[in-house]
Engineer: 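Questions regarding the structure given below will be posed in turn.
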Protein chains: 2
Amino acid sequence: MIDTKEKILETAAQLFGEQGVAGTSLRQIIAKADVNLAAIHYHFGSKESLLDELIHRKADPVNRERLDRLCRLEAEAGDKPVAVEAILEAFFVPTAAAAEQNPLFVRVMGRIHSEGLMPAIVQKHFYPTAQRFVAQLRRAVPHLPEEEFLWRVHFMMGAMAHTMCGTPLFPADSADYHGRMRKLVTFLSAGFRAPATANGETK
Amino acid sequence: MIDTKEKILETAAQLFGEQGVAGTSLRQIIAKADVNLAAIHYHFGSKESLLDELIHRKADPVNRERLDRLCRLEAEAGDKPVAVEAILEAFFVPTAAAAEQNPLFVRVMGRIHSEGLMPAIVQKHFYPTAQRFVAQLRRAVPHLPEEEFLWRVHFMMGAMAHTMCGTPLFPADSADYHGRMRKLVTFLSAGFRAPATANGETK
DNA sequence: GTCTATACTGAGATAGAC
DNA sequence: GTCTATCTCAGTATAGAC
């Protein structure tokens, strides 16, 4: 079948989003897509490569949009650092836009971050973009010691991954992705702007 | 064997912390502990129950310490709300203390949150404590609409889980758990104190 | 009560026929 | 390109030795 590959990709995107990557077996995918098990390995080679192709198709455009926005902000700012809020907005708003088109897939992106599986995929598809943003963020909060800055980036990644996975444990307008991301930006911006933690004892 | 059950628990704690729960097979555990495969099912019944017992032993004391601290803060404050920083410190500092004794296990706690596996275990061991803290937090930031407050709690959980999993992608004094948790408290406190997100368009 | 040996089901991966 | 058959290894289950 000519469309075998596409059918596999589409079905995998749906099931990965619903059940998580680890929680979805290749056999579930082939049953739902009505193809043979070996077809996955013929077209993709492995479950990990299937995921890689999926990320490539769905996440790369999001990252391009992120970088476009960042470049525009840098151009506007000239030599001056860009504001924290603007940087974070440039990073998170494209996610919201993607989520409106394909809510399930954004959950896949969250899951590959928080499941911690397949770090090679995260590195390949998200690192180049993330590092550009981290560099600009650094300029936006020069008051922080380097180590505390990096920890805050780490905190941000955790909050982001958890938020993209969805399933907040409370009733929420789950379709309002822009609202969710803007709340995240508010929260994280304040966190980044906070003065450095003083040295001292914890009681 | 002298103490098969203890050997299994200790080995499981180590491997779960190093490789994650999903990434560790029972066969790895029994090989390293030098016991029989069925011994796990005799003593625990399943992989999930083994994890449950592990959490029970290691996390419950942490949660008791958290509640003790919270109670003391409530007593000091009388009728007035407790400060955000104090609440978060009461929650996170016991984690740091536990990490100093057993660094790997704190990573296990982070993983069960972020892997999203076995939500029943999270619910059973962490919910009662978490809800007490959420209730106090609510009083500390009365300026927030309920929905935004709950989202911020969600962001906090993500940052926490990611931080406890460890593996920051930069050189850090990985033994300084108190410093790490105090930085987390600084970051999250500022996030909670931030004014509510205004309604409006995202560009 | 404890533990061993063994087997069952379902996962991902692969070789080779067509 | 596609499919059958098979491999290894996962978690689980059980019968029976001590």
Side-chain angles (χ1 to χ4, degrees), chain A residues 1-57 108 111-112 114-122 124, chain B residues 1-57 108 111-112 114-122 124:
Chain A
M1 185 78 71
I2 289 200
D3 290 336
T4 300
K5 191 172 177 178
E6 294 304 317
K7 264 200 305 190
I8 293 170
L9 275 170
E10 213 42 54
T11 310
Q14 189 184 335
L15 292 177
F16 284 168
E18 285 170 4
Q19 313 175 342
V21 177
T24 300
S25 72
L26 296 184
R27 285 171 170 83
Q28 277 181 292
I29 297 172
I30 60 127
K32 185 154 184 156
D34 194 31
V35 299
N36 187 276
L37 175 60
I40 287 185
H41 289 94
Y42 172 73
H43 286 290
F44 303 98
S46 70
K47 188 180 185 179
E48 177 159 350
S49 299
L50 165 60
L51 182 63
D52 187 277
E53 174 82 18
L54 210 54
I55 305 281
H56 169 62
R57 296 204 182 189
V108 178
R111 283 192 190 270
I112 59 174
S114 57
E115 283 185 30
L117 307 168
M118 313 189 176
I121 290 187
V122 176
K124 176 176 167 188
Chain B
M1 201 56 73
I2 311 165
D3 220 344
T4 304
K5 191 171 178 181
E6 293 305 317
K7 265 203 304 191
I8 293 171
L9 276 169
E10 213 42 55
T11 311
Q14 188 183 336
L15 292 176
F16 284 167
E18 285 169 3
Q19 313 174 342
V21 177
T24 301
S25 71
L26 296 183
R27 284 171 170 84
Q28 277 181 292
I29 297 171
I30 60 125
K32 185 153 182 157
D34 194 31
V35 299
N36 187 275
L37 176 58
I40 287 185
H41 288 93
Y42 172 73
H43 286 289
F44 304 99
S46 70
K47 188 180 185 178
E48 177 159 350
S49 299
L50 166 60
L51 182 61
D52 187 276
E53 172 81 18
L54 210 53
I55 305 282
H56 168 62
R57 296 205 182 187
V108 177
R111 286 195 189 267
I112 57 174
S114 57
E115 284 183 29
L117 308 167
M118 312 187 177
I121 289 187
V122 175
K124 176 175 166 190

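So you know, we letter chains A, B, ... as the sequences are listed, proteins then strands, and number each from 1. Keep in mind that the numbers below use all heavy atoms, side chains included, and drop hydrogens, waters and symmetry copies.
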Engineer: As a test of reading the structure: which of C:dT4, D:dT2, C:dC3 is closest to the side chain of B:N36, going by heavy atoms?
Structural biologist: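 Among the listed nucleotides, the one closest to the side chain of B:N36 is C:dT4.
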Engineer: For residues A:D52 and A:F44, determine if any side-chain heavy atom of one lies less than 4.5 Å from a side-chain heavy atom of the other.
Structural biologist: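 Contact flag for A:D52/A:F44 side chains = no.
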Engineer: How many whole angstroms separate atom NZ of B:K5 from atom P of C:dT2?
Structural biologist: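 In whole Å, C:dT2 P lies 9 Å from B:K5 NZ.
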Engineer: Quick check for you: to the nearest 0.5 Å, what is the distance between A:E48 atom CD and A:L50 atom CG?
Structural biologist: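 These two atoms lie 10.5 Å from each other.
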Engineer: Sugar-phosphate means primed atoms, P, OP1 and OP2; the rest is base. With that split, encode nucleotides 11-18 of chain C 5' to 3' as B, S or - using protein heavy atoms under 4.0 Å.
Structural biologist: BBBB----
Engineer: Write down the distance between CD1 (B:I40) and P (D:dA13), rounded to a whole number of angstrom.
Structural biologist: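 These atoms are roughly 13 Å apart.
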Engineer: Heavy atoms, side chains only, cut-off 4.5 Å: are B:H43 and B:E53 in contact?
Structural biologist: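 A side-chain contact is absent here, since even the closest heavy-atom pair is not under 4.5 Å.
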Engineer: Check whether any side-chain heavy atom of B:L54 sits under 4.5 Å from a side-chain heavy atom of B:L9, and report yes or no.
Structural biologist: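 They are in contact (side-chain heavy atoms under 4.5 Å apart), so the answer is yes.
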Engineer: Is there a side-chain contact between A:E6 and A:E10, using heavy atoms and a 4.5 Å cut-off?
Structural biologist: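 Not in contact.
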Engineer: How close or far is atom C1' of D:dG11 from atom CD1 of B:I30, stated in whole angstroms?
Structural biologist: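 Atom-to-atom, B:I30 to D:dG11, this comes out as 12 Å.
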Engineer: Measure CD1/A:I8 against P/D:dG1 and give the value in whole Å, please.
Structural biologist: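 Distance, rounded to whole Å: 13 Å.
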Engineer: Is any side-chain heavy atom of B:E18 closer than 4.5 Å to one of B:T24?
Structural biologist: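 In short, these two side chains do not touch, never coming nearer than 4.5 Å.
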